[in-house]
Amino acid sequence: MLQVMPMVKDEYFEFPSHQKMFAVIIEFFLNYKKLPTDDQLLEEVKKVMASNELFGDYRDELEAINNLDEKSIDNQEYYLDLVEEFAKEQAVKDAILKSVDHLKKKNFGAIEDEVRSAFSVNRNVDLGTDYFSGIKERWERLNSAQLVPKFRTPFETLNEALDGGLAHKEMAMVVAPPGVGKSLFLANQAARSVLDGHNVLYVSLEMAEDRVAQRLDSIFTRIQQCELSNRVEDIEERLNIISKQWEDRGKLVVKEFPTKRLSVTGLRAFLNQLKNYEDFTPDVIIVDYLELMKTDRDMAEYQGQERLAQELRGVASEYGCLVWTATQTNREGKKVNIITDAELADSYGKIRVCDLVFSINQTEQEFDKGSARLYLMKSRNGRARFIVPIGIDYTRLVVSQNQSHDSQEA
């Protein structure tokens, strides 16, 4: 019963008598923590019978059940498998019927939710971790997980604060005003992750694929942007050298989508295409950037941004990857010396689901010197609220930590 309850709904049964008997059994079990006797079942059924139903039909149904060979109960797993198959079939049918109405209203996000929920029906039971039991086994898992390379950032001070870097199923966000360097950082993060051996998907919602690739050319090869068009052979040669020196490097796919045309549903569909056609599964997904995505539902901008952040976090968990994205500040972000969560544009809720959030801060004088400051706004896995001075080489589009300065507490 404990395995059946989460899977089966009373409306899955064809006959009303089966629906009501099942509903009565579940209600009784929830109230009294045991199954009803025959007399108790029939007594409760009387309370839910329709006026045109015959009580004898329920009594006959119960008698037929009691006449089953009790030896068949010995093979519990067989019947649980049948119940799971029945529940999946009915859940899919139910989702298809409900999706027809959603389709008429062009509510495609609701269709995905219905179908995904139907296909998630199963009787695999995971009741979590009993804290006071299996302590050694728990630490063996933790220690073995630490051997897996974490996702480093380009800044060692951040990596140290994060005990090595970010992990699978996490989400990170960079915050900055327009033109300060969100996309520049994301491109450098892509390069860092690739050289560390991770497969990276870079989703651009603002720049063309070739323009993103052009930025990456400078970052990887250290050739100045103004010289790239005249040094194509040098680019190819240096990238070949990188491939040989970093034999375990990851793959990098850059994909452009029109602004405000890509939803999280569309992102999932594209991930499935990459898997099916290219056998490519990203370890890191970079979305440049949050506000340029499309919500599946009509809602206010601040609600939509929070919803998008929640759904991107869902992608990280579902696909077991790290998700990086960026977001804009409000107008005050251009005026303050240090950007905090108070300067977020539209929705504070979009950083709630993030494991790491930092802002890029830069004055006009710092821009002229090619420098900026990172302010770690939020970190679930390490210390926060400190500043990391960084350098930005605008000719080669490379960001790096200013080694001549230690991190500063804010």
Side-chain angles (χ1 to χ4, degrees), residues 1-8 26 29-35 74-81 83-84 87-88 116-117 119-153 155-173 189 192-193 196-200 248 250 281-285 309-325 341 349 351-358 376-386 388 407 409:
M1 179 58 68
L2 288 171
Q3 293 191 55
V4 165
M5 280 195 303
M7 294 191 295
V8 181
I26 294 296
F29 186 81
L30 291 173
N31 289 334
Y32 303 105
K33 310 306 178 190
K34 58 183 179 181
L35 295 171
D74 293 340
N75 196 346
Q76 174 179 303
E77 291 299 311
Y78 170 73
Y79 288 106
L80 284 171
D81 284 343
V83 171
E84 182 178 10
K88 282 184 176 180
R116 287 169 60 82
S117 177
F119 281 108
S120 68
V121 170
N122 67 79
R123 64 183 184 89
N124 293 328
V125 179
D126 182 356
L127 300 179
T129 300
D130 184 346
Y131 174 75
F132 289 103
S133 299
I135 297 171
K136 289 183 178 179
E137 292 80 1
R138 173 161 55 85
W139 273 101
E140 284 177 2
R141 292 196 301 270
L142 285 171
N143 288 330
S144 63
Q146 288 175 356
L147 297 177
V148 178
K150 294 190 175 182
F151 300 101
R152 296 192 296 166
T153 73
F155 314 112
E156 285 309 311
T157 296
L158 283 187
N159 297 333
E160 291 170 6
L162 296 170
D163 193 24
L166 290 152
H168 295 275
K169 299 185 179 181
E170 292 188 338
M171 179 170 165
M173 181 181 289
Q189 181 60 59
R192 173 73 277 161
S193 295
D196 283 344
H198 304 300
N199 290 335
V200 177
D248 296 329
T281 301
D283 303 302
V284 180
I285 300 175
Q310 292 168 348
E311 291 181 339
L312 281 177
R313 178 56 187 259
V315 169
S317 179
E318 179 182 348
Y319 289 88
C321 63
L322 169 66
V323 171
W324 269 101
T325 190
D341 50 15
I351 72 168
R352 288 197 185 106
V353 296
C354 294
D355 298 276
L356 175 73
V357 183
F358 66 78
L376 192 59
M377 297 164 54
K378 176 184 178 182
S379 174
R380 279 205 176 109
N381 305 312
R383 69 188 182 101
R385 299 184 180 178
F386 64 88
V388 180
S407 64
E409 298 296 334

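What you see is a predicted model; the values in this text were computed from it and never measured.
Judged as a salt bridge (charged side-chain N to carboxylate O under 4.0 Å, His left out), and not counting sequence neighbours, Asp283 has no contacts. Scored by the salt bridge (charged side-chain N to carboxylate O under 4.0 Å, His left out) test, Lys88 finds Glu84 as partners (sequence neighbours excluded). Every residue two or more places apart in sequence or in another chain was checked for a salt bridge (charged side-chain N to carboxylate O under 4.0 Å, His left out) with Asp341, and none qualifies.
In terms of heavy atoms, Phe386 sits closest to Ala161 at CZ-CB, 3.7 Å. Between Met1 and Ile26, the shortest heavy-atom contact is SD-CD1, 3.5 Å.
Here the side chain of Arg313 pairs a donor or acceptor atom with the backbone of Val353 at under 3.5 angstrom. Between the side chain of His198 and the main chain of Gly250, no donor-acceptor pair closer than 3.5 Å is present. In this structure, the side chain of Lys34 does not engage the main chain of Phe29 through any donor-acceptor pair within 3.5 Å.
For the atom pair CG of Asn159 and CZ of Arg192, the computed distance is 8.5 Å after rounding to the nearest 0.5 Å. Note that the CG atom of Leu356 and the NZ atom of Lys378 stand 9.5 Å from one another [nearest 0.5 Å]. Atom OG in Ser379 sits 8.5 Å away from atom CG in Asp355 (nearest 0.5 Å). Note that CD of Glu160 is 13.5 Å distant from CZ of Phe155, once rounded to the nearest 0.5 Å. Distance check: Asn381 CG to Glu170 CD gives 5.0 Å after rounding to the nearest 0.5 Å. A distance of 10.5 Å separates SG of Cys354 from CD of Gln310, quoted to the nearest 0.5 Å.
Counted within 6.0 Å of NZ on Lys169, heavy atoms from surrounding residues, nucleotides or ligands total 12 or fewer; the atom is thus considered open. Other residues, nucleotides and ligands place more than 12 heavy atoms under 6.0 Å from the CG atom of Asn75.
The shortest distance between side-chain heavy atoms of Met7 and Asn122 does not fall below 4.5 Å.
Between Trp324 and Phe358, the two ring planes are perpendicular [angle over 60°; tilted spans 30° to 60°].
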